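Report on the following structure.
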Amino acid sequence: MEIVPGVHQIPNTRWSRVYLIEDERLTLVDAGLPWGVKKIVDYIRSIGRHEEEVDTVLMTHSHPDHSSGVPPIRKLTGAGILAHAHDTKSDAANGVSLSYMGLFGSTSLPIPFLQRAPVKQVIEEGEVLPIQGGVRVIHTPGHTPGSVCFLLEDEGVLFSGDTIFSNGSGVSRSVPFPGYNRDDYRRSLERLAEFEFDVLCGGHGRALSGGASDKFRDLLAARPEPPTWGDMLKSMPQRILGGKSLSGEQH
Ligand SMILES: [Zn+2]
Ligand SMILES: [Zn+2]
């Protein structure tokens with residue numbers, strides 16, 4: 001489904017979200033899980049394009065629910081993978097690969113989650129990639145060391161990975177996972193609040209259209225401290241009953 005002209009969410013990918021930027025060539029934001037790849041191909045064909053037009057996959061971070069679809073997508077499309085250095089590892093034999101805690105993305109064997117995913121280009125804070133009028137790279141460490149948000153500047157669309165989420169109407173934050181750094185995360189949120197974005201496309205949940213950066217700043221003003229696992233557990237009943245976010249936040 002098209003969120004704004006030229007920006008699509010691949011429908012029916014389970015668990016994590018995959019987005020498509022439609023330009024002369026095609027760009028994916030994240031790759032999802034291996035069994036979602038057919039859905040990506042089907043959707044691309046449904047809008048009259050072809051998977052071989054996918055040049056680039058922009059990685060918000062290397063968690064396996066966002067990155068384990070990379071090997072099959074590379075095989076089908078030949079796309080180059082772009083990621084921040086802090087969510088990669090490099091060695092003399094294999095070059096640069098996506099990596100989460102040195103465990104995922106470490107073998108050439110065709111095993112989902114463990115299969116090595118080569119990185120074509122390491123991206124840096126402040127870079128503007130030549131995709132649909134310019135995609136700004138904002139390094140937002142915290143959820144993982146190499147987490148990045150991508151801002152489609154002309155359209156005001158932020159692809160936020162697992163740094164912030166929305167449920168279609170409100171904005172929420174991440175809870176700690178192994179590899180999470182709370183101080184980095186807090187600083188990254190403050191930086192992210194300096195940018196203007198109308199539309200928020202998170203790594204989970206539903207895209208939020210309209211006034212997204214204002215809602216995000218309201219959330220930080222109302223609750224400056226990022227949520228904890230305790231907050232998450234406390235909110236469990238409402239989440240089950242009321243479809244709240246993982247952290248229990250909804251702003
Ligand atoms: Zn994640
Ligand atoms: Zn995730």
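Quick note: residue numbers are just sequence positions, from 1. Computed from a predicted model, the values in this text were never measured in an experiment. Numbering of ligands and ligand atoms starts at 1, following listing order. Side chains are part of it too, since the values below use all heavy atoms of this structure and drop only hydrogens, waters and symmetry mates.
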The Zn ion (ligand 1): angle it makes with NE2 (H143) and OD2 (D162), nearest 10 degrees: 100°
The Zn ion (ligand 2) - name of the N/O/S atom of D65 that sits closest to it: OD2
Check the pair R182 / E225 against salt bridge (charged side-chain N to carboxylate O under 4.0 Å, His left out), numbers first and verdict last. CA-CA 10 Å; R182 188 176 179 85; E225 280 304 305; 3.1 Å; yes
Give the atom name of whichever N/O/S atom in H63 sits closest to the Zn ion (ligand 1). ND1
Got a sec: is H61 within less than 2.8 Å of the Zn ion (ligand 2) via an N/O/S atom? no
Taking the six-membered ring for Trp, are F177 and H143 parallel (under 30°), tilted (30 to 60°) or perpendicular (over 60°)? perpendicular
Parallel, tilted or perpendicular: ring planes of H139 versus H84, cut at 30 and 60 degrees: parallel
Quick one: do F197 and L189 end up in the same hydrophobic cluster if we chain Ile, Leu, Val, Met, Phe, Trp and Tyr together by side-chain heavy atoms under 4.5 Å apart? yes
